[in-house]
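To keep things clear, I will list the structure first and then write my remarks on it.
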Amino acid sequence: MALSDPGLNPAGPQDFRTTHWSVVLEAGLSPAAQSAAALDQLCHAYWQPLYFYVRRHGYDEHEAKDLTQEFFLRLLEKNVLETVERGRGRFRYFLQTALKNFLANEWNRSQRQKRGGGVQTFSLDAQAAEDRYRLEPQTNVTPEVLFERRWAQTIFERVMDRLQQESGAGAKRRRFDELKPYLLDDPDAATYAEVAARLQLTEGAVKSAVHRLRQRSRELFIEEIAHTVSRPDEIDDEIRRLFAALGA
């Protein structure tokens with residue numbers, strides 16, 4: 001993957017007042033309406049790695065969906081987030097540790113049913129997550145390793161989604177679709193000459209466009225990482241750890 005250079009360097013200082021850490025703190029300390037909005041952001045951004053973690057612990061897809069939803073709800077109910085401090089650990093570590101503790105003390109099925117089990121608290125696309133989970137090799141990879149791998153994949157997917165949104169529609173979207181394989185190091189990617197012919201550009205123009213797209217993807221990747229750490233000096237190490245997780 002063209003993004004996969006552990007030597008990526010931040011383009012400039014990040015605004016750490018609006019990272020996911022601040023969302024966590026808001027979720028733990030704010031009134032209900034604001035807490036619900038913050039929890040919704042957490043849930044939709046990071047629930048799939050948690051779902052994978054639960055599945056690898058042996059729960060079936062229906063149990064995993066219920067447990068993942070219940071986990072996010074209890075983060076607020078139990079006031080777990082009140083004890084979180086911005087400088088203590090990374091957001092990824094916090095969620096994994098909290099989920100591990102949650103599963104260790106999980107209610108049995110009858111208690112979840114008493115709460116209203118099966119009622120969807122958050123709009124999770126569990127089927128899409130389950131389909132993706134089934135693509136994972138059935139190896140002895142631990143839940144922790146799978147969690148980190150899926151976390152890294154989620155960040156890459158968020159970057160690709162943002163690039164696609166920035167590309168717009170029509171001819172610009174078509175150009176993005178033609179250039180995207182170069183970001184993914186697709187071995188079947190067309191040659192620059194072939195893409196140039198399809199887009200009615202010079203080969204040099206295609207190379208320049210790929211260079212700009214790679215640069216923008218690096219910027220977005222660093223921005224996504226910055227949202228999950230508490231200090232700017234943790235970005236490089238987090239990048240190395242996530243690329244290591246992809247190769248695990």
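Please read all numbers here as calculations on a predicted model, not as lab measurements. Atom set for the values below is all heavy atoms of this structure, side chains included, hydrogens, waters and symmetry mates excluded.
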Notebook entry, point to check: What is the minimum heavy-atom distance between Phe176 and Leu163, and which atoms define it?
Noted result: CE1-CB, 3.6 Å
Item checked: Closest non-hydrogen atom pair between Ala45 and Thr154, with its separation -> O-CG2, 3.6 Å
Next item on the list: Report the C-alpha distance between Leu103 and Phe71 in whole Å, list the side-chain angles of each, state the deciding distance to 0.1 Å, and finish with yes or no for side-chain contact (heavy atoms from CB on, under 4.5 Å).
Entry: CA-CA 9 Å; Leu103 292 179; Phe71 168 71; over 6 Å; no
Check: Tyr59 versus Asp66: any side-chain heavy-atom pair under 4.5 Å?
Finding: no
Next item on the list: Show your working on side-chain contact (heavy atoms from CB on, under 4.5 Å) between Gln215 and Glu219 and close with a plain yes or no.
Entry: CA-CA 6 Å; Gln215 182 61 40; Glu219 293 170 356; 3.8 Å; yes
Checklist line | Contact list for residues 162-172, test salt bridge (Lys or Arg N to Asp or Glu O under 4.0 Å), sequence neighbours left out | finding: Arg162-Glu223, Arg162-Glu224, Glu166-Arg216
Next item on the list: Grab the two heavy atoms, one from Leu179 and one from Ala209, that are nearest each other, plus how far apart they are.
Entry: CD1-CB, 3.7 Å
Note to self: When you measure from the side chain of Asp186 to the backbone of Tyr182, do you find a donor-acceptor pair of N or O atoms at a distance under 3.5 Å?
What the structure shows: no
Note to self: What's the separation between atom CZ in Phe147 and atom OG1 in Thr142, rounded to the nearest 0.5 Å?
What the structure shows: 11.5 Å
Next item on the list: Compare every heavy atom of Ser217 with every heavy atom of Leu183, then report the nearest pair and how far apart it is.
Entry: CD2-OG, 4.0 Å
Give every donor-acceptor pair under 3.5 Å between a side-chain atom in residues 191-199 and any protein atom, sequence neighbours left out.
unit_1: Thr191; atom_1: OG1; unit_2: Glu194; atom_2: N; d: 3.1
unit_1: Thr191; atom_1: OG1; unit_2: Glu194; atom_2: OE1; d: 3.4
unit_1: Glu194; atom_1: OE1; unit_2: Thr191; atom_2: N; d: 2.9
unit_1: Arg198; atom_1: NE; unit_2: Glu178; atom_2: OE1; d: 3.3
unit_1: Arg198; atom_1: NE; unit_2: Glu178; atom_2: OE2; d: 3.0
unit_1: Arg198; atom_1: NH2; unit_2: Glu178; atom_2: OE1; d: 3.0

Checklist line | Atom CZ of Arg56: over 12 foreign heavy atoms under 6.0 Å | finding: yes
Notebook entry, point to check: Who are the ring pair (Phe, Tyr, Trp, His ring centres under 6.0 Å) partners of His211, not counting sequence neighbours?
Noted result: none
Note to self: Working to the nearest 0.5 angstrom, can you tell me the gap between Thr68 OG1 and Glu63 CD?
What the structure shows: 11.0 Å
Checklist line | Point-to-point distance, once rounded to the nearest 0.5 Å, from CD of Glu238 to CZ of Phe91 | finding: 11.5 Å
Item checked: Approximate separation, where rounding is to 0.5 Å, of Phe156 CZ and Met160 CE -> 8.0 Å
Notebook entry, point to check: What is the distance from atom CZ of Arg240 to atom CD1 of Ile235, rounded to the nearest 0.5 Å?
Noted result: 11.5 Å
Checklist line | salt bridge (Lys or Arg N to Asp or Glu O under 4.0 Å) contacts touching residues 133-146 (sequence neighbours left out) | finding: Glu61-Arg134, Glu130-Arg134, Arg132-Glu136, Glu136-Arg149
Checklist line | Nearest atoms (heavy-atom pairs only) where Ala126 meets Tyr51 | finding: O-OH, 4.3 Å
Next item on the list: Can you measure from CG (Leu146) to CH2 (Trp151) and round to the nearest 0.5 angstrom?
Entry: 13.5 Å
Note to self: Between the side chains of Glu148 and Arg92, is the shortest nitrogen-to-carboxylate-oxygen separation below 4.0 Å, so that they form an ion pair?
What the structure shows: yes
Next item on the list: Could you tell me which non-hydrogen atom of Phe221 sits nearest to which non-hydrogen atom of Ile239, and how far apart they are?
Entry: CE2-CG1, 3.8 Å
Notebook entry, point to check: How about Tyr46 and Tyr53: are their ring centroids closer than 6.0 Å?
Noted result: no
Notebook entry, point to check: Do the side-chain N and O atoms of Gln165 and Asp161 include a donor-acceptor pair separated by under 3.5 angstrom?
Noted result: no
Next item on the list: Output yes when a side-chain donor or acceptor of Thr97 lies under 3.5 Å from a complementary backbone atom of Phe94, and no otherwise.
Entry: no
Check: With sequence neighbours excluded, what pairs up with Asp177 under the salt bridge (Lys or Arg N to Asp or Glu O under 4.0 Å) test?
Finding: Arg173
Next item on the list: Under the ring pair (Phe, Tyr, Trp, His ring centres under 6.0 Å) rule, collect the residues that match up with Tyr133, sequence neighbours excluded.
Entry: Phe52
Notebook entry, point to check: Can you list the steps and then say if Ile225 with Leu242 is a side-chain contact (heavy atoms from CB on, under 4.5 Å)?
Noted result: CA-CA 10 Å; Ile225 292 291; Leu242 291 178; 3.3 Å; yes
